[in-house]
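Heads up, the thing below is written out as structure tokens.
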2 protein chains.
Amino acid sequence: MVRKSPASPEPQYLKVQNHLRERIASGHWVAGDLLPSEAELVQTFGVSRMTVNRALRELHQEGLIERVQGVGTFVAQLHRISSTLTVRDVHDEIAERGHRHEAVLHRLETLKATAEQAAEFELPAGAELFHSVIVHLENGVAIQCEDRLVNPLCAPDYLAQDFSQSTPTHYLLQVAPLSEARYTIESTLPSESEAKLLGISRRDPCLVVKRSTLSRGRIVTTVRLTHPGSRYLLQGSFQA
Amino acid sequence: MVRKSPASPEPQYLKVQNHLRERIASGHWVAGDLLPSEAELVQTFGVSRMTVNRALRELHQEGLIERVQGVGTFVAQLHRISSTLTVRDVHDEIAERGHRHEAVLHRLETLKATAEQAAEFELPAGAELFHSVIVHLENGVAIQCEDRLVNPLCAPDYLAQDFSQSTPTHYLLQVAPLSEARYTIESTLPSESEAKLLGISRRDPCLVVKRSTLSRGRIVTTVRLTHPGSRYLLQGSFQA
DNA sequence: GAGTGGTCTAGACCACCTT
DNA sequence: AGGTGGTCTAGACCACTCC
């Protein structure tokens, strides 16, 4: 009993979804309101329950509705505006803007971990870590200073890479499959060396992203990405 | 033929999903690799194709795999680390940390839109806008200066609200259902008045979130949220 | 034509909540 | 007991890609 007419590119579950989406966006239902049950929507749209269920499940995953077993489906309290923030490989990001990317390698070395660093990587005190400092330029302008520590157990050949050709992010994702990452975003002043490398004043505010990346339960790398505030911003959007 | 044993809290589609997730996280399959087809997974796990399909569809929605009709399913190129960044009502955020929230109202007025502002709100030049400036305190410490413009057509009673009790975000979400939002996050120095209101130096870097919120296709409000860099950071995590 | 994923159905059993 | 959502099945038709 499939009734897919030839000129119907829009799947049924999307029809249900868009109908509900519009009614919510238009204020026909407001936060907390009870939506029609799956059985009612089955009647209204003349589709099977699995189709209605998929439409509702996806709206739930988006955070637009709340579902309570045994009770019903409600419009979510949209007291938060969440959206997917993407922290990307800086090379791809620049390339996508149609600009030229250059990387200048300032350090690539082995160093002894401080007690704090060793603890973070769960390595014995005094263990060796790889360290790199790279400045990324967009059309010749410095937009990011990448100061990175790498766990030698996860990427033993790190020091042998040519980072004028490929970024550390790109290389590390190849050798160590990403399983988890944690990051913070903050606004601070640059260190003296960062200011020098980026060609800015120590008084210029910077957007700093700190990130730890895990693979197979081990910390692969920690990085501090410092961006001159005047040359870089994060942006995003949210659609109900 | 449902074989749900009483002591199996984990749904079948999650078993399939977790199996694939682990194989990808462990490096058994790397970016670009071809995964087993749905038909093969049906055999392997002894479940129906709908169940396998759901497992794969959700992994695709998460960005972990790519699917090409007529070809197959592949491990996605994880050249980006994306995660859900949530910009929330500051009251909820503080309350969730178990801290005390206070709001100090500094301005609540009507003003004539500049040409630029009028254009942004799609209103005639010189139209009236509502304007509020509120400083939010967490346990008595200023963490956010909220400078907001509101479209009177969307929230005519804005000026009559008691913002020591409820936040503008909360009120506006009630009167104007959220349909879309756009935001940027950047690092800059505070204006003179912001520095004064937050009790910081004009040289202290700040994390600034600018956001426009739409409802029914109209811009309801624009806001500039200024946070002292030393007292506020955004954080998030990502799980493959 | 064979294999892939995209969608859909008409049932089903279950856990849960309300009454 | 009756309604709700959560999950699952064993089929089906379709569009697409590759050979």
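Values reported hereafter were calculated over all heavy atoms of this structure, with side chains retained and with hydrogens, waters and symmetry mates removed. Proteins get letters first, then strands, A, B, ... in listed order; numbering begins at 1 in each.
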Exercise. When only distance counts, do a donor and an acceptor, one from the side chain of Arg49(B) and one from the base of dG6(C), lie under 3.5 Å apart?
Worked result: yes
Exercise. Toward the 5' end of DNA chain C, which comes first, Gly70(A) or Val47(A), by nearest nucleotide?
Worked result: Val47(A)
For this session: Starting from the 5' end of DNA chain C, give me the residue, Arg54(A) or Val68(A), whose nearest nucleotide shows up first.
Result: Arg54(A)
Problem set entry | Interatomic distance, Glu10(A) CD vs dA15(D) C1' [rounded to whole Å] | 17 Å
Exercise. OP1, OP2 of dT4(C) versus side-chain N and O of Ser37(B): anything below 4.0 Å?
Worked result: yes
Exercise. Should the ring pair His227(B) and Tyr232(B) be called parallel, tilted or perpendicular, given that the plane angle runs from 0 to 90° and is split at 30 and 60?
Worked result: parallel
For this session: Could you check whether the rings of Tyr158(A) and Phe130(A) sit parallel, tilted or perpendicular, using 30° and 60° as the cut-offs?
Result: parallel
For this session: Check whether any side-chain nitrogen or oxygen of Arg67(B) sits under 4.0 Å from OP1 or OP2 of dG6(C), and answer yes or no.
Result: yes
Exercise. Can you find a side chain N or O atom of Thr73(B) that sits less than 4.0 Å from OP1 or OP2 on dG5(C)?
Worked result: yes
For this session: Let me know the distance between NE2 of His60(B) and C1' of dG5(C), rounded to the nearest Å.
Result: 11 Å
For this session: For Leu59(A) and dG6(D), give me the distance from atom CG to atom P, rounded to whole Å.
Result: 12 Å
Problem set entry | Rounded distance (Å) that lies between atom P of dA15(C) and atom CG of Asn53(A) | 17 Å
Exercise. Considering only side-chain heavy atoms of Ala39(B), which listed nucleotide, dG6(D), dT17(D), dT4(C), is closest?
Worked result: dT4(C)
Problem set entry | Spacing of Ile65(B) atom CD1 relative to dT4(C) atom P, expressed in whole Å | 15 Å
Exercise. What's the closest nucleotide to the Met50(A) side chain, out of dT4(D), dC8(D), dG5(D)?
Worked result: dC8(D)
Exercise. Just to confirm, is there a sub-4.0 Å distance from OP1 or OP2 of dT7(C) to any side-chain nitrogen or oxygen of Thr51(A)?
Worked result: no
For this session: Flag the pair Glu10(A) and Lys15(A) as a salt bridge only when some basic side-chain nitrogen lies within less than 4.0 angstrom of an acidic carboxylate oxygen.
Result: no
Exercise. Rounded to whole angstrom units, what separation is found between the CD atom of Glu38(B) and the C1' atom of dC16(D)?
Worked result: 14 Å
For this session: Rounded off to whole Å, could you give me the CG-to-P distance for the Leu20(B) and dG5(C) pair?
Result: 12 Å
Exercise. When you match Val71(A) and Arg57(A) each to their closest nucleotide on DNA chain D, which lands nearer the 5' end?
Worked result: Val71(A)
Problem set entry | Whole angstrom value for the distance that separates P of dC8(C) from CD of Glu58(A) | 11 Å
Exercise. Any ion pair linking Glu138(B) and Arg97(B) (charged N to carboxylate O, less than 4.0 Å)?
Worked result: yes
Exercise. After noting the C-alpha distance and the side-chain angles of Arg21(B) and Glu58(B), does the key distance pass the salt bridge (Lys or Arg N to Asp or Glu O under 4.0 Å) rule?
Worked result: CA-CA 11 Å; Arg21(B) 231 186 270 278; Glu58(B) 292 186 1; over 6 Å; no
Exercise. Can you check whether Tyr13(A) has a side-chain N or O nearer than 4.0 Å to OP1 or OP2 of dC8(C)?
Worked result: no
